[in-house]
There are 2 protein chains.
Amino acid sequence: MPRRTTVTEVAERAGVSIASVSRVLNGLGARPDTEERVRRAALELGYVPDAAAKALKLGRSLQLAFAVDDIANPVYAQMMHGVESGLLGSGSRLLVSSTGRRPDDLVELVQGLSRGAADGLIISPLRRSPQLIDALVKAPVPVVVIGDAGPDAALDTVRTDSARGVEAAVAHLVATGRRRIAFVNGPADTVPGRSRLEGFTRATAPGSDAERAGIRADVVEARDFTVAAGEVAWSRVVAATDEGTPVDAVVAANDLIALGLARAALTAGRSVPGDLAVVGVDDIEMAAIFRPSLTTVSLEAHERGRLAAELLLRRLENPQAPVVGEFVAPRLVVRESSGAPTEAAIEAAPTPTAENAHQRTRQRTRPVTPRGQR
Amino acid sequence: MPRRTTVTEVAERAGVSIASVSRVLNGLGARPDTEERVRRAALELGYVPDAAAKALKLGRSLQLAFAVDDIANPVYAQMMHGVESGLLGSGSRLLVSSTGRRPDDLVELVQGLSRGAADGLIISPLRRSPQLIDALVKAPVPVVVIGDAGPDAALDTVRTDSARGVEAAVAHLVATGRRRIAFVNGPADTVPGRSRLEGFTRATAPGSDAERAGIRADVVEARDFTVAAGEVAWSRVVAATDEGTPVDAVVAANDLIALGLARAALTAGRSVPGDLAVVGVDDIEMAAIFRPSLTTVSLEAHERGRLAAELLLRRLENPQAPVVGEFVAPRLVVRESSGAPTEAAIEAAPTPTAENAHQRTRQRTRPVTPRGQR
DNA sequence: TTGTACGCGTTATCAT
DNA sequence: ATGATAACGCGTACAA
C-alpha cells in the first residue's frame with residue numbers, strides 16, 4: 001500500500017514547478033519537452049490526483065449518487081440501470097448507496113453525500129419523513145426524487161401512479177371472474193405501501209366495480225417487500241380463506257412478495273392460476289421467467305431512472321431551471337399467473353400439464369379478455 | 001438549492017472563532033454558553049461540514065467502496081449484503097460502484113476511488129488484467145479482492161474454488177444417471193468463466209469418472225452471465241442435441257443463465273428435470289423460488305462479502321498486517337431441477353403434475369442419492 | 001511558456 | 001476556554 005504521491009513530488013522529479021505539472025496533467029499547453037518530462041515523472045511515481053483536494057478546489061467531485069433502500073431489490077437495480085443510461089456521457093461516475101440495512105439516519109447520508117461527496121443526488125426513498133424532505137430541499141446540490149416527494153416540495157420529481165396500477169390489477173382480476181381478492185401489502189408506513197394500499201382500497205370500495213360485482217376484499221400486510229415475506233404472507237392469506245368464500249386471487253404490493261407467495265401457494269399444492277390468481281407490481285425480470293409467468297403492473301423503473309438522470313443533468317446545467325415533475329404511467333402486463341389467456345400461456349404449454357389443465361377449467365366459467373403480451 | 005454554509009459563517013453568527021465552531025461540532029469541550037450559541041447558529045444556518053474539505057484535512061473520507069461489474073446481478077447484491085454485515089459498526093459509509101455498464105477504464109475507477117474518495121476498497125472483478133492488479137496493488141488505501149487476484153499479488157483476498165464446485169455439479173449429474181452434459185459458460189475471458197470452464201473440463205476429461213462412465217460433454221458459451229443470455233443459449237444446447245445422444249443435463253456457469261435456460265427449455269416443452277437436469281452456480285434467492293427449484297453450487301457470496309469486510313477493517317486498523325488469503329468452500333445445494341429426490345420435491349408436489357410425473361419416470365431408471373436440502 | 005502565491009473549508013496546533 | 005493561524009493537495013490568476 002504505497003504512500004500517496006503529490007504534485008510536489010512529481011514537480012521535483014520532473015524539475016519543473018507544480019503549476020506546470022498541473023497544466024500538463026490537465027491538458028493545457030506546455031512546451032513538448034516539459035510535457036514529456038512531467039508525464040514520465042507522473043507515470044514513474046504512479047501519480048494520481050487526490051480526489052478530495054481536487055473536489056475542494058473545483059467545487060465538484062465529478063460523482064453523482066443514487067440512493068435507494070436496498071439495491072438488492074431488482075426493481076431498484078433496474079432503476080439504477082435506467083439512471084446509468086441517462087447519465088451516459090455525463091462524465092461523472094455514479095455511486096450507489098443502499099441505505100436500508102444500516103439504521104443510521106438517511107438524513108445524515110443525504111447531507112454527507114451532498115456536501116462534497118457528490119455533485120447531485122437521485123433518491124427513491126422507501127419512507128418519507130418531513131426531516132428527509134427538508135434535507136433534500138436544503139441540499140446544496142441538485143436532488144431528483146423518484147417517487148412522491150410530498151405536496152409542496154420544490155424538488156424535481158419522477159412519479160408514477162402505483163395506486164392506479166393496483167386498480168388496473170384488481171379490474172383485471174374482476175374481469176376474469178375472480179371472487180375474493182386479497183391484497184398483500186408491504187409495510188404500510190412506506191411510500192409505495194401507502195399508495196398501493198390506497199389503490200386497492202379505492203378499487204374495492206363501496207360503489208366500485210369490484211364491490212358491485214360482489215367481490216370480497218381482504219388486506220394482509222407482509223413484513224417487508226421481499227420474497228421471504230411473501231412466502232410467510234401466504235399463511236395469512238390462507239387464514240382468510242377459512243372464512244367463507246375462498247381467496248382466489250392475490251394482488252401483491254410488489255413482484256418479490258408475489259413470487260414468494262406464489263411459490264408458497266404452489267408448494268402447498270394450490271395451482272396458480274387455477275386455484276389462485278397472482279398479480280405483482282414492478283415487472284422485474286423474474287416475473288417473466290417464473291412459472292407460471294407473473295402478471296404484474298410495470299411501473300417502468302428503468303424509464304423512471306432514465307428520466308431522473310435526465311432531470312438531474314438538466315438541473316446541473318442550469319440550476320435556475322423551473323422545477324419539473326415527470327410522470328410515467330403504470331402498465332398492466334398480463335401473463336400466465338392471472339389465468340387470462342395470453343400468447344405466452346399458449347407458447348408455454350404445447351402439451352397439457354396439470355397446471356394449465358386447471359387453468360382451462362376455470363377459464364371456461366369466466367369471461368375471457370384476450371390480451372397478447374410478454 | 002441553497003448555498004453551502006461554511007464554518008466561517010457559523011462563527012460569525014455565533015460571535016465566536018471558527019476554531020470554537022469546529023471544537024463544539026466535533027464534541028470537544030467548550031463553555032456551555034459558547035456551545036449553545038454555536039449549536040444554534042449551525043442549526044439555523046443548516047450547516048453541514050464539507051466532505052471534501054474534511055477528507056482533505058483528515059486524510060480519510062469515512063467512506064468505503066464496493067466495486068463489482070453489475071450490482072443488478074443478485075449474487076453481487078448478496079455479496080454486498082455480506083459486506084454490509086461485516087462493516088456494521090465500522091463508522092464508515094459503504095458506496096457501491098457498478099462498473100460494467102460503462103466502458104471507461106476500471107483502472108481509472110480504482111484510482112479515483114482510492115485517492116480521496118474512499119478509505120478502502122472491496123472489489124470483485126469480472127475480468128482481470130495486469131493493469132488492474134497493478135492499480136490495486138499500488139492503491140494508496142487497503143484493497144481486498146473477492147476472487148482470484150493472480151498468483152503473486154500482495155493483496156488480501158477472499159477466494160472460493162468454483163472449479164471444484166462445477167466438478168461437484170458434474171459428479172452429481174453423473175451419479176444420478178445423466179448421459180450427456182452440456183456446460184453453458186459465460187464469457188470465457190472472465191475470471192469466473194475461466195475457472196468454471198476449467199472445472200467442467202477437468203470433470204469430463206479423459207480419465208475422469210464422467211469419462212469412464214461414458215458421459216458425453218459439450219461446451220456452449222453464452223453472451224454473458226444473464227437470464228437473457230441463458231434463454232438464448234438454450235437453442236445452442238438444442239443444436240448439440242441433434243447429433244446422436246440427446247443432452248439430458250446442463251450445468252450453467254451461474255444461476256441467471258441456468259434460470260433463463262430452464263425457462264426456455266420448459267417453454268419449448270421439455271420437462272425439467274425429466275428430460276433435462278439443470279444445475280446452476282451461485283445459489284441466488286430465485287434458485288429456491290423457481291419451479292422446479294434449482295440445484296446449484298453455492299459459492300457463499302454473502303460469507304465471502306462478510307469476510308472481505310473483515311479483512312478490510314483489519315488492514316485499515318493495521319496496514320502492516322501480513323497479507324491474508326481467506327478461502328470459502330463451494331457447496332452443492334441439491335434441489336428439484338437435477339431430478340435427485342429431495343425433501344423439497346416431495347413438499348412441492350403433493351399432487352402429481354405433468355412435471356414430476358416425468359421426474360419419477362426417469363428416476364426409476366437411475367440410482368437414487370437422497371439428500372435432504374433446501 | 002513557466003513559476004510564485006493564494007484560496008478552497010476543514011481540523012489541529014499553539015499561543016493567549 | 002478561546003482565538004489566530006498553519007496545513008491538507010490541488011488548480012489557477014497573475015507576474016515574470
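Per chain, numbering begins at 1; letters A, B, ... match sequence-line order. The basis for the numbers below is simple: all heavy atoms, side chains too, and nothing from hydrogens, waters or symmetry mates.
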E12(A) CD to dG3(C) C1', straight-line distance once rounded to whole Å
15 Å
If you count the non-hydrogen atoms of other residues, nucleotides and ligands that lie under 6.0 Å from CZ in R159(B), is the total more than 12?
no
Side-chain heavy-atom pair L109(B), R93(A) within 4.5 angstrom cut-off
yes
How do R115(B) and E35(B) order along DNA chain D: which one's closest nucleotide is nearer the 5' end?
E35(B)
Under 4.0 Å between a Lys/Arg side-chain N and an Asp/Glu carboxylate O for D33(B) and R37(B)?
yes
Give T34(B) one of three labels, base, sugar-phosphate or nothing, depending on what nucleic acid heavy atoms sit under 4.0 Å from its own.
sugar-phosphate
Can you measure from CG (L94(B)) to OG1 (T99(A)) and round to the nearest 0.5 angstrom?
12.0 Å
Take the protein atom CZ of R60(B) and the nucleotide atom C1' of dT10(C), then report the distance between them rounded to whole Å.
13 Å
With respect to the phosphate group of dG3(C), does any side-chain polar atom (N or O) of S20(A) fall under 4.0 Å of OP1 or OP2?
yes
Among T8(B), T5(B), L45(B), V38(B), exactly one meets side-chain contact (heavy atoms from CB on, under 4.5 Å) together with R13(B). Which residue is that?
L45(B)
Between G29(B) and A53(B), which residue's closest nucleotide on DNA chain D lies nearer the 5′ terminus?
G29(B)
NZ/NE/NH1/NH2 to OD/OE distance under 4.0 Å, E303(B) and R306(B)
yes
Check V145(B) against L136(B) and note the closest heavy-atom contact, atom names and distance.
CG2-CD1, 4.0 Å
In the 5'-to-3' direction, what one-character label does each nucleotide of nucleotides 11-16 of chain C receive under the scheme B = base within less than 4.0 Å of a protein heavy atom, S = sugar-phosphate only, - = no such atom?
BB----
Shortest non-hydrogen contact from A149(A) to A153(A)?
O-CB, 3.7 Å
Boundaries of the DNA chain D segment in contact with chain B, non-hydrogen, under 4.0 Å:
dA1(D) to dG9(D)
